[in-house]
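Written below as structure tokens is the structure these notes are about.
Residue numbers start from 1 in every chain, and the chains themselves are labelled A, B, ... in the order their sequence lines are given, proteins ahead of strands.
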Amino acid sequence: MESYRVHLTGVGGQGTLLATTVLAEAAILAGYHAVASEVHGMAQRGGVVESTVMVGDVKSPIISDGEADVLLGFEPVETYRAMRKCSADSVVVSNTVPVTPFSVAIGMGSYPDVDKLFDFIRGQVKKLITLNAQALAEEAGSTLSTNIVMIGALANSGALPIAKEAFEEIIRIKTKAKFVEANLRAFELGFSAP
Amino acid sequence: MHPLLTEEAGKKLLLLGNEAIVRGALEAGVAFATTYPGTPSSEIADNFFRISAESELYFEYSTNEKVALETAAGASVSGLRSMCSMKHVGLNVAADPLMTLAYVGVRGGMVIITADDPSMFSSQNEQDNRIYARLSNLPMLEPASAHEAKEMTEAAFEISEALELPVLLRTTTRLSHCRGIVTIGPLKPAKTKAVFEKDSARFVTVPAHARVRHGVLLSQGEKARDMACTSPFNTVIGKGTWGIVTSGIAYSYVADAIQDLGIEDRVKVLKLGFTYPFPEKLAVDFMNSVEKVLVVEELEPVLEESLKVAAQTNNIAIPISGKGPELFSRLFEFDPGLVRQVIARFFKVDYTSPKSIDIEEDPEPIQLPLRPPNLCAGCPHRATYYAVNSVLRETKTDAVFPTDIGCYTLGLLPPLKAADFLICMGSSVSSAAGIARATDQKVIAFIGDSTFFHSGITGLVNAVHNKHNFILVVLDNGTTAMTGHQPHPGIEITPPGWEKPSISIEAIARACGVEQVTVVNPINLAKTKGAVKEALESNRLSVIIAKAPCPLYEARMLGTKKKRGFVVGPECNTDCAECVEHFGCPALYRNPAPDSETTMIINDKLCIGCGVCIQFCKKIRPKKI
């Protein structure tokens, strides 16, 4: 059985953990074995939040450097920072909207040019998909759905064997009832993003 | 209904390792659960807390791990099934009762969860609590997956009752926080009331009784060793002449590595789940069937040393390796690639690691900004730290800051830099006493409210009695914020249906004998600075309770909405950087726009409207929202 290793990275508050669960549940619904891992605790106070989902015949819940098949980055600098998880065979899906780190806000360091980050990544990996997930989430009706936009883009990346319908079904049954409609729109916008 | 209370046996759920433990306990009919929260164990108790509102389960957040363990022990010696969960360092706090509870044992099954944190994602050390099993002579189980976490928890209750001993179940961060598929079994109704049957020769550990009970413990230990040798959790997987011995989450890395390296027909794995007492007979049979053994275990060489002892005792001369150069480190957690690499090297299998992308090779190297965790916008702790630092600056006073464990430890970071010494829960108070006595420096110690209840009080009594001289600032945000807003004995904003009395930190401080106790709202900068000044001037032991609720907790519990917003006025166009250089609110920062009119800018999405900044900067003013 094929296996797929997905590394997710973002900033506390971006909803990466819900995205992790949606991805793992969709994989299971599609008939795959899945295991995931999350970092809780101190990392959530505005820090980096990393999580993983393994789809297929894998037992280990974490991913070593160079071994991610897919990197789902919710924030450009964090996508770039997590490049060590990727190899030349990886597919990278990244949000283009920066979340300014506190260190930059107080003048310790500056936020790099996002295009330069993506230029480097594009030259290193098999495929890079970028999208303004925040704008698409707003279009869907809720900025809180940014994470689901990202899942939509991942679903359409061709990197995973999970059918679109499995994701939609999980969004219907696993996300909060009052957000289901916005989430489904967000998923569709992410899925059909250019 | 809580999802873990579902009745549908046979159903497959995607559960966090910690949730699987809770389900296992419910399937074993747990009646009584206690904890002190700590990452990575917290979700166990948080689920019990919610479940206790919908079932017969008794659950409490105890004041510390020692109290939690003793309380649960009281239930289990009476005959109820109990669970006590904590993080690894919590077991240090509970070590005193643990050692002697092992002598007297229990009647109702008792399972103690120790959640270790290799790599220290949220901890001050990475001690290996498998050693506690050996120290206490108590059985230990170590699950390797979420499903096993459920199965082993359930089994641990049976083992506990069969041996009349508490059983330790050890997880690590990766196990507690992995999500895996768990097939659930039927729930078992709990026995929720018992009668304590007296047996002072067993339960009152005066030396004459304890001498007898130590012998009982050791003989129960031999029975436990036999159980470990035949336990379904200790199995030999695969065939071949290369041996690997492993336990816990490391097994998942081993299993994947064997598959990835294509050496399934050459490697035999002794997978241990019931790891203490060490299943010697099983290990000897295993070692006799292979040519060499690699031990794959995170942190200390616990299995490795047991194997070496067993080999020596049984005249087995094969090489046994685990920790060492070119092998595994005693530092930090493992990962699949590392385990694959060491296995390949040890058994001389051709293998090249995949080449990972190195951002250092970017032809135009990009300096990446750091993203450390930070106190939230509007956090009252920042206001307190700012007040203390401001007074020290104004009075040109230097001070040493012993600190403690909680969100407020982040006061370590610039620009606040209000942390100089920290070793464990409660150490702020007692270490402050020692530093103040040993030096002529001013000492200002910080402790959170939950930590104060956990282990700050005895240090404060000691400080009064021994006439130590320092300022203790209790950062009272009305919740155990860091671990996920668990209640503590002093909470005033309470969960629905909460009918427990609130215990006043101020009254405790006074009752400890502290004469100068001031309660301030840190959001009021002038009053807080006044209290700090007064404490510095009085030059005697004093307590300042800086009391304001955690805004995240308040918003969640009371639905509190932002009342007002703030803007930076156009006169903010100078070099003044008081706000970023000394206050450091994430909502208030240098305006990044190249042609910006103001030096600073307020991010309206992050700002919660606490209004502390307008008290030190006249250029900031309220706006209507």
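Taken from CG in A:Leu29 to CG in B:Leu14, the straight-line distance is 12.0 Å, to the nearest 0.5 Å. B:Tyr589 OH to A:Ser103 OG: the interatomic distance, rounded to the nearest 0.5 Å, is 12.5 Å. Interatomic distance, B:Glu364 CD to A:Leu117 CG, rounded to the nearest 0.5 Å: 11.0 Å. A distance of 8.0 Å separates CG in B:Leu368 from CD in A:Glu78, rounded to the nearest 0.5 Å.
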B:Leu16 vs A:Glu38, side-chain contact (heavy atoms from CB on, under 4.5 Å): CA-CA, chis, key distance, verdict | CA-CA 9 Å; B:Leu16 210 56; A:Glu38 309 168 355; 3.7 Å; yes
For B:Ser145 and A:Lys59, run side-chain contact (heavy atoms from CB on, under 4.5 Å): C-alpha distance rounded to whole Å, both residues' side-chain angles, the deciding distance at 0.1 Å, then the answer.
-> CA-CA 8 Å; B:Ser145 66; A:Lys59 288 190 170 70; over 6 Å; no
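Heavy-atom distances place the side chain of A:Ile28, and not its backbone, under 4.5 Å from chain B. For B:Pro586, the parts sitting under 4.5 Å from any heavy atom of chain A are the backbone and the side chain alike. In this structure, the portion of B:Gln367 lying under 4.5 Å from any heavy atom of chain A is its backbone and not its side chain. Neither the backbone nor the side chain of A:Ile121 comes within less than 4.5 Å of any heavy atom in chain B. At a 4.5 Å heavy-atom cutoff, the contact between B:Cys585 and chain A is made by backbone atoms alone. With a threshold of 4.5 angstrom between heavy atoms, B:Asp358 approaches chain A through N, CA, C or O but not through any side-chain atom. Residue B:Phe334 touches chain A through its backbone alone, counting heavy-atom pairs closer than 4.5 Å. If you measure heavy-atom distances from B:Glu333 to chain A, the contacts under 4.5 Å come from the side chain alone. At a 4.5 Å heavy-atom cutoff, the contact between A:Val104 and chain B is made by side-chain atoms alone. With a 4.5 angstrom heavy-atom cutoff, A:Thr100 touches chain B only via backbone atoms. Looking at B:Asn591, neither its backbone nor its side chain comes within 4.5 Å of chain A, counting heavy atoms on both sides. Looking at A:Ser110, only its backbone comes within 4.5 Å of chain B, counting heavy atoms on both sides.
For the 3.5 Å distance criterion, the side chains of A:Asp65 and B:Ser356 fail to qualify, holding no donor opposite an acceptor.
Applying the ring-ring contact (aromatic ring centres under 6.0 Å, His included) definition to pairs two or more places apart or across chains, those involving residues 91-122 of chain A are A:Tyr80-A:Phe120.
Considering A:Thr52, A:Val35, A:Thr21, A:Val53 as possible partners of B:Arg179, the one that fulfils the side chain to side chain contact (heavy atoms under 4.5 Å, CB included) test is A:Thr21.
Using a distance-only test at 3.5 Å, with no hydrogens or angles considered, a donor-acceptor pair links the side chain of A:Ser60 to the main chain of B:Ser252.
Counting only heavy atoms from C-beta outward, the side chains of B:Arg371 and A:Val11 approach each other to under 4.5 Å. B:Arg174 places a side-chain heavy atom less than 4.5 Å from the side chain of A:Val39. You'll find the side chain of A:Pro61 reaches within 4.5 Å of the side chain of B:Tyr253, heavy atoms only. In this structure the side chain of B:Ile181 reaches within 4.5 angstrom of the side chain of A:His33, judged on heavy atoms. At a threshold of 4.5 Å between non-hydrogen side-chain atoms, the residues A:Ser64 and B:Leu338 do not count as touching.
Looking at every heavy atom in both residues, B:Asp256 comes nearest to A:Asp57 through OD1-O, 4.5 Å. Listed here is the closest heavy atom pair of B:Leu370 and A:Pro101: O-CB, 3.4 Å.
Contact tally against chain B (heavy-atom pairs below 4.5 Å) for A:Thr20, A:Val125, A:Val99: the top residue is A:Val99. Per-residue counts of heavy-atom pairs under 4.5 Å with chain B were compared for A:Ala68, A:Pro112, A:Cys86, A:Ala34; the largest is that of A:Cys86. The candidate with the highest count of non-hydrogen atom pairs below 4.5 Å against chain A, out of B:Ile359, B:Asp335, B:Ile601, is B:Ile359. For the set B:Ile357, B:Asn603, B:Val580, B:Leu413, the count of heavy-atom pairs under 4.5 angstrom toward chain A peaks at B:Ile357. Interface remark: of the candidates A:Met108, A:Met54, A:Glu75, A:Glu75 forms the most heavy-atom pairs closer than 4.5 Å to chain B. Most heavy-atom pairs under 4.5 Å with chain A, from the set B:Ala255, B:Pro369, B:Pro40: that is B:Pro369. With respect to chain A, the highest number of heavy-atom pairs below 4.5 Å among B:Ala257, B:Pro336, B:Ala146, B:Pro354 belongs to B:Pro336.
Applying the 6.0 Å contact sphere to NZ of A:Lys164 captures more than 12 heavy atoms from other residues, nucleotides or ligands.
With sequence neighbours excluded, the residues forming a side chain to side chain contact (heavy atoms under 4.5 Å, CB included) with B:Ser353 are B:Gln341, B:Tyr351, listed by chain and number.
Under a 4.0 Å N-O distance rule, the pair A:Glu67/B:Arg340 qualifies as a salt bridge.
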